[in-house]
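Shown next, in structure tokens, is the structure this report addresses.
Note that ligands are numbered from 1 as they come in the structure, with each ligand's atoms numbered from 1 the same way.
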Amino acid sequence: MNHSTLLTGIKPTGVPHLGNYIGAIQPALEKIQNLKGQSYLFIADYHALTTLPDPQEFKQNVYEVTSAWLACGTDPNKTIIYKQSDIPELFELYWVLSCLTPKGLLNRSHSYKAHIQEKKEDFQIQMGVFNYPILMAADILLFQSDFVPVGSDQLQHLEITRDLAGKFNHTFKTSLMVPPEPLKEEQTSLPGIDGRKMSKSYNNHIPLFCSSEELKKKIMKIKTDSLPPTAPKDPQASIVFQIYKEFADAQQIQDLEHKLKKGCSWGEVKLELFELLEKKFQTQKETYQEFLSNKKKLDQILNEGAVKARIKAKEFMQQVRKTTGIIH
Ligand code: TRP
């Protein structure tokens with residue numbers, strides 16, 4: 001991964017939850033830390049527009065997601081962090097790629113098919129949903145990204161991106177487009193409070209940053225069995241333990257395992273999880289609040305990121321224009 005470029009996009013859906021942290025934030029930041037080359041991290045706000053969110057909430061969500069990634073350790077001096085909507089070159093590349101995209105390629109997209117299943121009628125699908133993968137390809141190809149950390153639900157989008165890169169290169173006899181390699185995240189899918197995969201859409205999530213009261217309330221709601229306090233319990237079958245072990249160190253895991261096997265009340269175990277999370281995220285939580293209450297600072301960080309990103313974007317689009325014969 002020497003001197004390679006890594007890029008990832010985050011949809012602004014509000015405060016991330018513990019599942020996002022384990023599944024996306026932590027692994028991406030780890031990869032960035034070990035990277036010698038340039039890393040790009042952007043808020044995919046125009047992708048999120050496909051769901052037509054409430055404008056005020058939408059704005060706030062962008063700030064929340066940005067604050068969360070910064071609080072978790074994104075260094076704007078090392079990683080170029082920006083909003084997708086601040087890079088006009090992207091939308092130009094998006095059009096160029098659209099001119100190379102066979103409709104059949106997008107007909108096969110899982111997310112489009114899922115929408116058809118939901119809405120039943122093809123004519124009701126918005127073009128933004130249908131063209132979503134082309135915009136994502138533009139996000140990646142514009143910065144000649146070698147690696148893209150993604151969850152398994154995004155692998156098909158990476159395949160489409162590789163297809164379009166090949167198509168462009170073949171059509172214009174060039175090697176301008178770099179087909180990206182996906183860096184697939186290990187699927188440590190964290191259970192939510194009801195035991196299903198933690199997800200906002202199931203409303204079973206625990207926010208990464210919230211008040212202590214809210215955190216405690218959520219943890220107390222985690223589903224448990226009805227064994228009496230003294231009964232020995234199987235740690236592997238316990239949702240509380242499944243969450244605990246993702247955030248604890250080896251010694252803490254061993255201790256709690258021992259406690260459960262010996263027998264103790266669920267209330268006690270939940271309290272241990274609460275204390276662990278409170279302590280682990282204390283500093284990040286404070287940093288998060290600081291950022292969130294300083295929108296000027298956030299705007300400044302995002303603007304500076306956009307300026308840096310556009311240096312590369314402008315230069316690259318100029319090459320695309322030349323290659324396609326738009327300019328001479
Ligand atoms: N589609 C991604 C998601 O839903 C977000 C995204 C947009 C993205 N553009 C990207 C991720 C480019 C990686 C690279 O999570």
Practice task
Apply side chain to side chain contact (heavy atoms under 4.5 Å, CB included) to L302 and list each qualifying residue two or more places apart in sequence or on a separate chain.
Solution key: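 By the side chain to side chain contact (heavy atoms under 4.5 Å, CB included) rule, L302 matches T66, I81, K83.
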
Discussion item. Between E181 and D146, is there a side-chain heavy-atom distance shorter than 4.5 Å?
Written reply: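 Side chain of D146 against side chain of E181, heavy atoms only: no contact under 4.5 Å found.
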
Original post:
Within a strict 4.5 Å, meaning less than it, do heavy atoms of the V269 and Y244 side chains meet?
Top reply: no

- Message: Restricting to side-chain hydrogen bond (donor to acceptor under 3.5 Å, both in side chains), what partner residues turn up for D45, sequence neighbours left out?
- Response: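 Expected list: S85.
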
For T50 and Q126, which I'm curious about, is there any donor-acceptor pair between the side chains at under 3.5 Å? no

Distance filter under 4.0 Å, heavy atoms only, around ligand 1 gives L7, T8, G9, K11, F42, A44, H47, Y132, M136, D139, I140, V148, Q154

By salt bridge (Lys or Arg N to Asp or Glu O under 4.0 Å), E246 pairs with (sequence neighbours left out) none

